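As the structure is a computational prediction, the values presented were derived from the model and not from experiment.
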Amino acid sequence: MRPEILFPFFKPITTLAGVGPRISVLLEKITGAHIVDVLWHLPTSYVDRRFSPTIAEAPDNTVVTLEVTVMKHFPSRNRRAPYKITCFDETGPLELVFFNARGDYLQKQLPEGETRIVSGTVERFNGILQMTHPDRMGTPEERDAIQTVDPVYPLTAGITNKLMGKTARAALEKTIPLPEWLDPTFKDRKKWQDWQDALKTAHAPEEEDDFYADAPARERLAYDELLANQLALALVRRTVRKASGRSIKGDGRLRKQVRDALPFALTGSQEEALKEINDDMGQPLRMLRLLQGDVGSGKTVVALLTALNAIECGMQAVIMAPTEILARQHMETIEPLLEGTGITPVVLTGRDKGKKRTAILDQLEDGSAQLAIGTHALFQEDVGFHNLGLAVIDEQHRFGVHQRLAMAGKGKHVDVLVMTATPIPRTLMLTAYGDMDVSRLLEKPAGRKPVDTRVMSLERLDEVAQGIGRMVSKGARVYWVCPLVEESDKIEVAAAEERFEHLQKLYGDRVGMVHGKMKGTEKDTVMAAFAKGKIDVLVATTVIEVGVNVPEATVMIIEHAERFGLAQLHQLRGRIGRGSAASTCLLLYGAPLSENGQARLKIMRETEDGFVIAEEDLRLRGAGEVLGTRQSGLPEFRLAQLPAHEDLLAVARDDVKLILEKDPDLKSARGEALRVLLYLFEEDASVTYLRSG
């Protein structure tokens, strides 16, 4: 359904000159598979080759472009020795140095007695100016092509900047003008170029200012991306709002039984959230609401009471979690609360196979299972419901906007409540949840004590490991989280295994380990042993980040805390302080700690307010890092930089409101251009909501 005008942009990168099968595999890691992905891969700095002094005037450690006469070649006598070429101009000598060089190639490129242009970084060695491996070499006639400003791109192993630059230029040559989707008055006021020209400018920086978020070309492109994001969300929201729903107003009998069974009173925030949710469910429109609550704020109870409202009306409800551990934990929390209500919840995960799975599917289809708890397994095509009225999706940041609507498609007019314990900055809320109403749980249940957070150097690791013995002897249960090393599961697992072996030598079989590469049954066995006190120290990777509930755990040790995002540290710390006992979190950092690292750990020490932490994380690291976008359903912007472009996001949101008021079906000339924009930024699914809306 993509418009024909965009066909050139979505051709594979292998159609670009110089990009064969081997190179394309490497390129795809950093750009993506299509030409448009290369266009979005903007440079992050530049090399200025315009400075062309004489040899005598060339400063140390500076990029220069020199015109020299080649004097003599000195091939290397062995592999370790460099190949050297002496050159000169009227002011003095220059030595070109090459390692692992091909002599025949250098003889051809730099023939003795000829004049050549060389460009690269120079430094003095024993009083002689040297240039090691010139970046560019050519004849005097090629000076203009050499003496340029070169953009510097983010790279991956096997891709040089020269190749990346050549690929970007080839991609730019494939672009064509597109119909203008911006309001002309707004565009003129901003003094922005057309889309195609802005893209070319962004790929051809000449000054440091060209990389700032407020550089006109970058602003224009960022706005385009944010406009596409906000328009897509608005179309989804409108579709949901226009879709008729069912008024769900239970008689309250089941909810009263559960409330009476609770060992605590609900907080004011929980009561307020339940009122907002019940009001939504009572409307003859579909509910799409986000429940945002910090770690330990009591979302599960709100989810259960919401589910019971649907069940009281003869409907079914599902609660979906991102992991088996969390799904089964929800089951353990909810099952005792339902005693005496006559409701027996079922749990469905990817682990359930054969007859057991078939039996659960039959119960869901005939309606005898009124409440289902599970994972992505609930999404699968063969899962059907008799009368699904409510879908609760937990840890929403692991799922995208279209997935939550897919769950709603499992029934007729299904209400959707999505929840997250990950505090999300207000700016990112607009980009990910602009289609939803939001409720917040701002209080923690009574009796929770603050966690004592301390920051310590990794140099004291042995001291900490020894100190665990004293803590365990007093009844403590300890999480020891191993460092996140890049994004490599192998390295992460190796780090966990190394720490496990170290602690096992000290404390024997009182130490257990869980990591992402273990089978679900293995993880559950270890977690159960930790929860029952059969092991006292749990060495873990971040698989314990979300939802793991062991109230007896009172100590959290996080190695290389500076490598984690603030939101992630906050999630990890939330695994302790869940009971009435005092708890301690030790953040171990590797020296030297950067200024940014110091600021982040200071925030962790000073506050437990997840919303404050999330805003600060966004300010310090930018949206690309917050929550770890690889594992999150948050939009991963290629051109927009939040919070630097926060003002543009607000403008885009307002622009979309006006657009849809004036042209709800996007049938005007600008509306047609906006359809192109949606497809350009791969918001294809939102166009289906345009049709259905």
(message) Looking only at the side chains, is there a donor atom on one of D366 and S368 sitting less than 3.5 Å from an acceptor on the other?
(response) yes
(message) Among L674, V236, L226, exactly one meets side-chain contact (heavy atoms from CB on, under 4.5 Å) together with L231. Which residue is that?
(response) L674
(message) Closer than 3.5 angstrom, by distance alone: can the side chain of Q316 be matched with the main-chain N or O of N387 as a donor-acceptor pair?
(response) yes
(message) Tell me if the aromatic rings of Y479 and F530 count as close, with their centers under 6.0 Å from one another.
(response) yes
(request) Evaluate the criterion side-chain contact (heavy atoms from CB on, under 4.5 Å) for residue pair R638 and D37; output intermediate values, then yes/no. (result) CA-CA 9 Å; R638 305 281 298 270; D37 296 316; 3.6 Å; yes
(request) Mind checking the NE2-CD1 spacing from H330 to I373? Nearest 0.5 Å is all I need. (result) 7.5 Å
(message) Could you measure the distance from the CD atom of E683 to the CG atom of L227? Nearest 0.5 Å is fine.
(response) 11.0 Å
(message) Apply side-chain contact (heavy atoms from CB on, under 4.5 Å) to residues L305 and L266 and explain how you reach the verdict.
(response) CA-CA 11 Å; L305 292 171; L266 296 183; 3.9 Å; yes
(request) Could you walk me through whether T521 and R351 pass side chain to side chain donor-acceptor pair (under 3.5 Å), step by step? (result) CA-CA 9 Å; T521 48; R351 196 195 305 171; 5.7 Å; no
(request) Would you check if the side chain of N278 reaches a backbone N or O of L274 as a donor-acceptor pair within less than 3.5 Å? (result) yes
(request) Could you tell me whether the side chain of H645 and the main chain of Q641 form a donor-acceptor pair under 3.5 Å? (result) yes
(request) Return yes if some donor-acceptor pair links the side-chain N/O of R238 with the main-chain N/O of P664 below 3.5 Å, else return no. (result) yes
(request) With sequence neighbours excluded, tell me which residues meet salt bridge (Lys or Arg N to Asp or Glu O under 4.0 Å) with D224. (result) R220
(message) For R255, is there an ion pair with E312 - N to carboxylate O distance below 4.0 angstrom?
(response) yes
(message) Show, in sequence, the C-alpha distance, side-chain angles and deciding distance for L417 and L291, and conclude whether the side-chain contact (heavy atoms from CB on, under 4.5 Å) test is met.
(response) CA-CA 7 Å; L417 175 69; L291 178 64; 4.1 Å; yes
(request) Please tell me if the side chains of L308 and L338 come closer than 4.5 Å, counting only heavy atoms from C-beta onward. (result) yes
(request) Under the ring-ring contact (aromatic ring centres under 6.0 Å, His included) rule, collect the residues that match up with F681, sequence neighbours excluded. (result) W40
(request) Measure from the side-chain N and O atoms of R286 to the backbone N and O of V416, and report whether any donor-acceptor pair falls under 3.5 Å. (result) no
(message) Measuring from atom CD of Q370 to atom OG1 of T341, what distance do you get when rounded to the nearest 0.5 angstrom?
(response) 8.0 Å
(request) Return yes if some donor-acceptor pair links the side-chain N/O of Q270 with the main-chain N/O of G298 below 3.5 Å, else return no. (result) yes
(message) Return the CG to CD1 distance between L572 and I558, rounded to the nearest 0.5 Å.
(response) 4.5 Å
(request) State plainly whether the residues D663 and K667 are in salt-bridge range, i.e. N to O under 4.0 Å. (result) no
(message) Any side-chain to backbone donor/acceptor pair from N309 onto G250? Under 3.5 Å, distance only.
(response) yes
(message) Less than 4.0 angstrom from a charged side-chain N to a carboxylate O is my criterion; do D684 and R2 meet it?
(response) yes
